[in-house]
Every structure is written in C-alpha cells, then in structure tokens.
Amino acid sequence: MPVKQAEFFVSNSDPAKCPKPDRPEYAFIGRSNVGKSSLINMLTGRSSLAKISGKPGKTQLINHFVIDNEWYLVDLPGYGYAQVSKTEREKFAALIDGYLTSRPNLLCIFVLVDSRIEPQKIDLDFMYNLGEKGLPFVIVFTKTEKLGPTKLQATLDTYRAKLLETWEEAPQFFVTSAVTAAGREEILSFIRPLNQEYRK
Ligand code: GDP
C-alpha cells in the first residue's frame, strides 16, 4: 500500500525541540550523497519532499515529516563530509547523539549505504554506536539498479561477512533504488506492523 499523505512538519537544530514523541518514528541517515533524499522521496511517492543533493556543509537539521497522519519520518543530516572541521564533526555527533537518545518513539533507524562502494568504516562505526546504545536499526542499500544481480549478491554477502566480524547477527537488509522504486513496498511493509504494534 503506497503512502497516501506525506507532509513536512518541522526542522530543528536542537533535539530537545523536536515534536512531542506522540507517534511512532523512523529515522533515515547515511553518508552525504548516499541517496537519502532520493530514497525518502521514492518511499513517500513525492518528487521533492526531501531536498536532493543539498550542498555539503549546509545547516544540519533534523527534519520531521508526518506520514499518513500516523508516523514520523525523520530525515537526519548526512555524515562524512570530507571537508568539515573537527568542530563541525563534534557538533554533528552531539546533534545526532542528542536526537537518538531522546526519542522514546524511535522504532527503527534506517542506515543507508551506497551499494556501489565497499563497507566504510564511518558507517560501520555508526552502526556499532547504535548497537552500544541498544537502538534498533536496519541497513538500506541504495542505488542498487546500478549493479547486476551477481554483483549485488556479492556486495550483500561481503557486507554481511563484514558485520559478522563484530556482531553475532547481521541486521535486516533492504535493497533499494530510487530510480526503479525497488525496496519501497518492503520498507513500508516493515514499518506498518511496527506502527500497529506501537498503538497496542
Ligand atoms: P543525499 O545527499 O543522501 O540526500 O543523496 P541524494 O538523494 O541527494 O542523491 C545523491 C546523488 O545520488 C544524486 O545525484 C542522486 O540523483 C543520486 N541517486 C540517489 N538515489 C539513486 C538511485 O537509486 N540510483 C541512482 N543511480 N542514483 C541515485
């Protein structure tokens, strides 16, 4: 079932000012340019809900969207800009950390990784930190229409093997493409039962 309604709600630079945690919430994060805005637009069926390819170093905001009047989709700032200063990086870490640790309604974090590049330390470290905090996450592979089926499978196998060096179990994987809309139904079908469970 596609998303019927998707509306921008609010942007914040202070996690404490985020909306009241009154609906289930799902956050999307990844390295800059991973395809996060494109994925959000694809999931919601809106061509420009999230802004595609904002300039690196633009104000880093936590963006809340309301989906089907039922759940929050949160667009978190992209990490890993090569050219940012240590101070900027620390500010980013504090913002994300403040957000992640202050949302009791945060049911899952979607960590996006570019399927065309090998596992990156920055992503693995980010996931490790989520694990340390006991925060549930899944991995979303983006831009997968660029890979043939054999290469895609090899990429997933490599990633799983890499994760199993640290984790007992690998998190769930979603294979997506903003170009073909691959993965949309899978992600929405993952979210819906969690929303139902949350309401009970
Ligand atoms: P963000 O910085 O993570 O929000 O990434 P964007 O959504 O702005 O995408 C970064 C670049 O990757 C843009 O040039 C997009 O057109 C491209 N892109 C995003 N998703 C896909 C995809 O599924 N397939 C392909 N081939 N390119 C994509």
Cluster check [X], [Y]: I/L/V/M/F/W/Y, side chain < 4.5 angstrom:
X: Val140; Y: Leu135; answer: no
X: Val138; Y: Leu130; answer: no
X: Val111; Y: Leu188; answer: no
X: Leu49; Y: Val34; answer: yes
X: Tyr99; Y: Leu112; answer: no

A side-chain contact here means heavy atoms from C-beta on lying under 4.5 Å apart; do [X] and [Y] qualify?
X: Arg23; Y: Asn69; value: yes
X: Arg199; Y: Glu70; value: yes
X: Leu76; Y: Phe28; value: no
X: Met127; Y: Ile139; value: yes
X: Arg103; Y: Cys18; value: yes

Heavy-atom donor-acceptor pair, [X] side chain to [Y] backbone, under 3.5 Å:
X: Thr144; Y: Thr176; answer: yes
X: Arg89; Y: Thr87; answer: no
X: Ser189; Y: Glu186; answer: no
X: Arg192; Y: Met1; answer: yes
X: Asp68; Y: Val3; answer: no

Q: Just say parallel, tilted or perpendicular for the rings of Phe173 and Phe141, cut-offs at 30° and 60°.
A: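 Ring orientation, 0 to 90° scale: perpendicular.
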
Q. Do the ring centers of Phe137 and Trp167 come within less than 6.0 Å of each other?
A.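 Yes, they do, as the ring centres are separated by less than 6.0 Å.
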
Q. Going by atom types alone, do Asn105 and Tyr72 pair a side-chain donor with an acceptor below 3.5 Å?
A.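 Distance-only check fails for Asn105 and Tyr72.
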
Q. Under 3.5 Å, is there a donor-acceptor pair between the Ser11 and Asn63 side chains?
A.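 On atom types as modelled, these side chains qualify, holding a pair under 3.5 Å.
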
Between [X] and [Y], what is the shortest heavy-atom contact and its length?
X: Thr142; Y: Ser115; answer: O-OG, 2.6 Å
X: Phe65; Y: Phe8; answer: CD2-CA, 3.4 Å
X: Leu107; Y: Leu194; answer: CD1-O, 3.8 Å
X: Gly45; Y: Arg184; answer: CA-NH1, 4.2 Å
X: Pro77; Y: Ile29; answer: O-CG1, 3.7 Å
X: Gly80; Y: Ile122; answer: CA-CD1, 3.6 Å

Q: Starting from the C-alpha separation in whole Å, work towards a yes-or-no answer on side chain to side chain contact (heavy atoms under 4.5 Å, CB included) for Leu124 and Tyr159.
A: CA-CA 10 Å; Leu124 297 167; Tyr159 219 99; 4.1 Å; yes

Q) Which pairs, with at least one residue in residues 135-156 and sequence neighbours excluded, count as a salt bridge (Lys or Arg N to Asp or Glu O under 4.0 Å)? A)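 Qualifying pairs: Asp114-Lys143.
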
What's the spacing between [X] [atom1] and [Y] [atom2] if we round to 0.5 Å?
X: Lys86; Y: Lys91; atom1: NZ; atom2: NZ; answer: 14.5 Å
X: Leu43; Y: Phe174; atom1: CG; atom2: CZ; answer: 10.0 Å
X: Ile187; Y: Leu39; atom1: CD1; atom2: CG; answer: 5.0 Å
X: Leu100; Y: Ile109; atom1: CG; atom2: CD1; answer: 5.0 Å
X: Ile62; Y: Ser102; atom1: CD1; atom2: OG; answer: 7.5 Å

Q: Could you walk me through whether Val74 and Tyr26 pass the side chain to side chain contact (heavy atoms under 4.5 Å, CB included) test, one step at a time?
A: CA-CA 6 Å; Val74 182; Tyr26 303 86; over 6 Å; no

(Q) I'd like to know whether Leu73 forms a side chain to side chain contact (heavy atoms under 4.5 Å, CB included) with Phe9, so could you lay out the CA-CA distance, the side-chain angles of the two residues, the decisive distance to 0.1 Å, and finally the verdict. (A) CA-CA 10 Å; Leu73 183 158; Phe9 193 60; over 6 Å; no

Q: Report the C-alpha separation of Ile191 and Phe110 in whole Å, then their side-chain angles, then the decisive distance to 0.1 Å, and conclude whether the side chain to side chain contact (heavy atoms under 4.5 Å, CB included) test is met.
A: CA-CA 11 Å; Ile191 287 175; Phe110 290 82; 4.0 Å; yes

Q) Are the charged groups of Lys162 and Glu118 less than 4.0 angstrom apart, N to O? A)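 Salt bridge absent between Lys162 and Glu118.
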
Q.
Would you say NZ of Lys133 has more than 12 non-hydrogen atoms from neighbouring residues, nucleotides or ligands within 6.0 angstrom?
A.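 Yes.
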
Q.
If the condition is salt bridge (charged side-chain N to carboxylate O under 4.0 Å, His left out), which residues does Asp75 pass it with, not counting sequence neighbours?
A.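 Expected list: Lys36.
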
Q) Is the cationic atom of Arg31 (NZ for Lys, CZ for Arg) positioned less than 6.0 Å from the six-membered ring centroid of Tyr79 and within 45 degrees of its normal? A)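 The answer is no, since Arg31 fails at least one limit relative to Tyr79.
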
